[in-house]
Amino acid sequence: QVQLVESGGGLAQPGGSLRLSCTASGRAIGGYTMGWFRQAQGKERELVAAAKGLDAGVTYYLSSVKGRFTISRDNPRNTVYLQMNSLQPEDTAVYYCAAGRWSTASNDYAYWGQGTQVTVSS
């Protein structure tokens, strides 16, 4: 079992930045793909970014966040990050950390955090 706890959400102004952290316990995350999903009110959950477990440097980004968001992982610390720059109101959502296999489908992620709210507003 893997337990995931997110932190770092909050309120940001358009153009601002936030960094989300996800700390895992229970098992080492090195072999898992780590993903950040988000779900805006009334919309489906979508994968924002993912970092493959065993292939260092292999990442995925949703097209609308490319160049603005960066996913990184610190396996010795069992932690994954999402640096979000140039935030836009459309980025407002609950952000979830997840661990699973390399995929854009939420069903392929077995472990989930509780979510952290990100609100982008002036």
Side-chain angles (χ1 to χ4, degrees):
Q1 288 284 349
V2 178
Q3 292 80 43
L4 302 172
V5 177
E6 302 100 335
S7 60
L11 176 65
Q13 291 192 337
S17 299
L18 285 173
R19 188 174 86 151
L20 305 183
S21 299
C22 172
T23 300
S25 61
R27 189 178 290 180
I29 63 169
Y32 290 98
T33 289
M34 298 302 297
W36 285 97
F37 286 78
R38 70 184 180 189
Q39 188 164 20
Q41 201 161 12
K43 295 190 176 180
E44 302 220 341
R45 191 172 296 191
E46 61 183 357
L47 179 64
V48 175
K52 205 169 185 182
L54 299 178
D55 293 325
V58 177
T59 55
Y60 163 88
Y61 292 97
L62 183 68
S63 59
S64 61
V65 309
K66 277 182 183 176
R68 301 189 298 122
F69 290 12
T70 303
I71 187 170
S72 60
R73 54 192 301 163
D74 185 343
N75 288 338
R77 296 187 176 184
N78 245 21
T79 301
V80 62
Y81 304 97
L82 185 67
Q83 177 67 43
M84 304 186 294
N85 298 329
S86 302
L87 283 163
Q88 302 166 5
E90 309 85 85
D91 296 318
T92 296
V94 177
Y95 283 71
Y96 298 90
C97 175
R101 60 183 183 181
W102 183 248
S103 171
T104 59
S106 58
N107 287 347
D108 287 321
Y109 291 77
Y111 304 105
W112 291 82
Q114 81 287 354
T116 185
Q117 177 70 46
V118 170
T119 302
V120 184
S121 174
S122 55

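Keep in mind that what you see is a predicted model, and the values were worked out from it rather than measured.
Within 6.0 Å of the CZ atom in Arg101, the count of heavy atoms belonging to other residues, nucleotides or ligands does not exceed 12.
Gln1 places a side-chain heavy atom less than 4.5 Å from the side chain of Tyr111. Residues Met34 and Thr79 form no side-chain contact, since every pair of their non-hydrogen atoms from C-beta on lies 4.5 Å or further apart. With a 4.5 Å cut-off on side-chain heavy atoms, Thr59 and Lys52 do not count as touching.
Atoms OG and CZ, from Ser72 and Arg19 in turn, are 7.0 Å apart once rounded to the nearest 0.5 Å. Interatomic distance, Gln13 CD to Thr119 OG1, rounded to the nearest 0.5 Å: 13.0 Å. We find the OG1-CD distance between Thr116 and Gln114 to be 7.0 Å, quoted to the nearest 0.5 Å. Taking OG1 of Thr23 as the reference point, atom CD of Glu6 lies at 9.5 Å (rounded to 0.5 Å). We find the OH-CG distance between Tyr32 and Asn75 to be 12.5 Å, quoted to the nearest 0.5 Å.
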Could you walk me through whether Gln88 and Arg68 satisfy the side chain to side chain contact (heavy atoms under 4.5 Å, CB included) test, starting with their C-alpha distance in whole Å, then the side-chain angles of each, then the deciding distance to 0.1 Å, before giving a yes or no?
CA-CA 10 Å; Gln88 302 166 5; Arg68 301 189 298 122; 3.8 Å; yes

Report the C-alpha distance between Asp91 and Met84 in whole Å, list the side-chain angles of each, state the deciding distance to 0.1 Å, and finish with yes or no for side chain to side chain contact (heavy atoms under 4.5 Å, CB included).
CA-CA 9 Å; Asp91 296 318; Met84 304 186 294; over 6 Å; no

Would Ile71 and Tyr61 count as a side chain to side chain contact (heavy atoms under 4.5 Å, CB included) here? Give the steps.
CA-CA 9 Å; Ile71 187 170; Tyr61 292 97; 3.4 Å; yes

Could you walk me through whether Cys97 and Trp36 pass the side chain to side chain contact (heavy atoms under 4.5 Å, CB included) check?
CA-CA 5 Å; Cys97 175; Trp36 285 97; 3.9 Å; yes

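In plain terms, the two heavy atoms of Leu87 and Ala12 that are nearest each other are CD1-CB, 3.8 Å. For the residue pair Ser17 and Ser86, the shortest heavy atom distance occurs at OG-N, 4.4 Å. The shortest heavy-atom contact between Leu82 and Ala49 is CD1-CB, 4.0 Å. Residues Ser103 and Ala105 come closest through the heavy atom pair OG-N, 2.9 Å. Counting all heavy atoms, side chain and backbone alike, Trp112 lies closest to Ser106 at CZ2-O, 3.5 Å. Shown here for Leu18 and Gly8, the closest heavy-atom pair between the two residues is CD2-O, 4.0 Å.
Partners of Ala24 by side-chain contact (heavy atoms from CB on, under 4.5 Å), not counting sequence neighbours, listed by chain and number: Val2, Leu4, Ile29, Asn78. In this structure Ala40 satisfies the side-chain contact (heavy atoms from CB on, under 4.5 Å) test together with Lys43, Ala93, sequence neighbours excluded.
In this structure, Val5 is not a member of the same hydrophobic cluster as Val94, with clusters built from ILVMFWY side-chain heavy atoms closer than 4.5 Å.
Here ring pair (Phe, Tyr, Trp, His ring centres under 6.0 Å) pairs that include residues 89-110, with residues two or more places apart or in two chains, are Phe37-Tyr109.
The cationic atom of Arg73 (NZ for Lys, CZ for Arg) does not lie both less than 6.0 Å from the six-membered ring centre of Tyr81 and within 45° of the ring axis.
Looking at Thr92, its side chain does come within 3.5 Å of a backbone N or O of Val120 through a donor-acceptor pair.
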